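One structure is given below, encoded as structure tokens.
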Amino acid sequence: MPLRFLACLAFVAAAPVWALTPQQLANSKGCMACHSMSQKIVGPGFKQVADKYRGDKSAPAKLAAKIRKGGSGVWGTMVMPPAAVSEAEAQQLASWILSQK
Ligand code: HEC
């Protein structure tokens, strides 16, 4: 299957050109204005979020939706505004946040 192999190579070669790390994405989308990795600022620290949802299989989809729509009431009365991110970016951010230890 030479074609498949080539397609694979092309993907691997192209990836670093466009892909931001989730950390860079979070910085560029302004998430870090309200969140830090380990402690509460305006919103919860991302490690706290990961701890809260550890073992929750619905968490990636739930958090991706929350990142896009915003909301409040889970961590307190402060409101998280909806973020201007694509569905793919929201999923990338959610799984990165949930992978914090
Ligand atoms: C203006 C401040 C602000 C910004 C900017 C912000 N957040 Fe939040 N975030 C919050 C607050 C406040 C909460 C707590 C909401 C709650 O209690 O339901 C929160 C909660 C969260 C949660 C946990 C949600 C839950 O239901 O447990 C995640 C995940 C999250 N934010 C990710 C992000 C990401 C990713 C971005 C950037 C795209 C971002 N936030 C930008 C304030 C912010």
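When a ligand or atom number is given, it counts from 1 through the structure's own listing order. For the numbers below, each heavy atom of this structure counts, side chains included, while hydrogens, waters and symmetry mates do not. Fair warning: this is a prediction, and the values are worked out from it, not measured in the lab.
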Polar proximity ligand 1 side, [X] side, N/O cut 3.5 Å exclusive:
{"X": "Gly71", "result": "no"}
{"X": "Lys66", "result": "yes"}
{"X": "Cys34", "result": "no"}

Is ligand 1 under 4.0 Å from a heavy atom in the side chain of [X], in the backbone, in both, or in neither?
{"X": "Pro44", "result": "side chain"}
{"X": "Ala26", "result": "neither"}
{"X": "Val74", "result": "both"}
{"X": "His35", "result": "side chain"}
{"X": "Met78", "result": "both"}

Could you tell me which atoms of ligand 1, counted from 1 in the order shown, lie closer than 4.0 angstrom to a heavy atom of [X]?
{"X": "Gly30", "result": "5 (C)"}
{"X": "Gly76", "result": "17 (O)"}
{"X": "Tyr53", "result": "25 (C), 26 (O), 27 (O)"}
{"X": "Val42", "result": "12 (C)"}
{"X": "Gly43", "result": "10 (C), 11 (C), 12 (C), 13 (C)"}
{"X": "Ala83", "result": "38 (C)"}

Measure the distance from [atom] to every protein heavy atom, then report the residue, atom name and distance (to 0.1 Å) of the closest one.
{"atom": "atom 37 (C) of ligand 1", "answer": "Cys31 SG, 1.9 Å"}
{"atom": "atom 23 (C) of ligand 1", "answer": "Trp75 NE1, 3.6 Å"}
{"atom": "atom 33 (C) of ligand 1", "answer": "Met80 CE, 3.3 Å"}
{"atom": "atom 29 (C) of ligand 1", "answer": "Ile97 CD1, 3.8 Å"}

[atom2] on [Y] to [atom1] on [X], rounded to 0.5 Å:
{"X": "Trp75", "Y": "Gln48", "atom1": "CH2", "atom2": "CD", "value": "5.5 Å"}
{"X": "Ser95", "Y": "Gln100", "atom1": "OG", "atom2": "CD", "value": "10.5 Å"}
{"X": "Gln92", "Y": "Ile97", "atom1": "CD", "atom2": "CD1", "value": "10.5 Å"}

Handout entry: Sub-4.0 Å heavy-atom contact, Pro81 with ligand 1
Key =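 Contact check Pro81 vs ligand 1: positive.
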Exercise for the section: Heavy atoms only: give me the nearest Ala64-Ala94 pair and the separation to one decimal. Expected result: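 Closest heavy-atom pair between Ala64 and Ala94: N-CB, 3.8 Å.
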Exercise for the section: List the atom of Arg54, the atom of Asp51, and the distance in Å for their closest heavy-atom pair. Expected result: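 The answer is NH2-OD1, 2.5 Å.
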Is there a side-chain contact between [X] and [Y], using heavy atoms and a 4.5 Å cut-off?
{"X": "Ile67", "Y": "Met80", "result": "yes"}
{"X": "His35", "Y": "Ile41", "result": "no"}
{"X": "Met32", "Y": "Gln23", "result": "yes"}

Exercise for the section: For Lys52, look at atom NZ and say whether over 12 heavy atoms of other residues, nucleotides or ligands are found less than 6.0 Å away. Expected result: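 Yes.
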Practice task
Please check if atom NZ in Lys62 has more than 12 non-hydrogen atoms from other residues, nucleotides or ligands closer than 6.0 Å.
Solution key: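 Enclosed.
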Exercise for the section: Give the ring-plane orientation class for Phe46 versus Trp96, where under 30° counts as parallel, over 60° as perpendicular and anything between as tilted. Expected result: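 Answer is perpendicular, since the angle exceeds 60°.
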Practice task
Give a yes or no on whether the backbone of Ala84 and the side-chain of Lys29 come within a donor-acceptor separation of less than 3.5 Å.
Solution key: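 Confirmed, Lys29 side chain pairs with Ala84 backbone.
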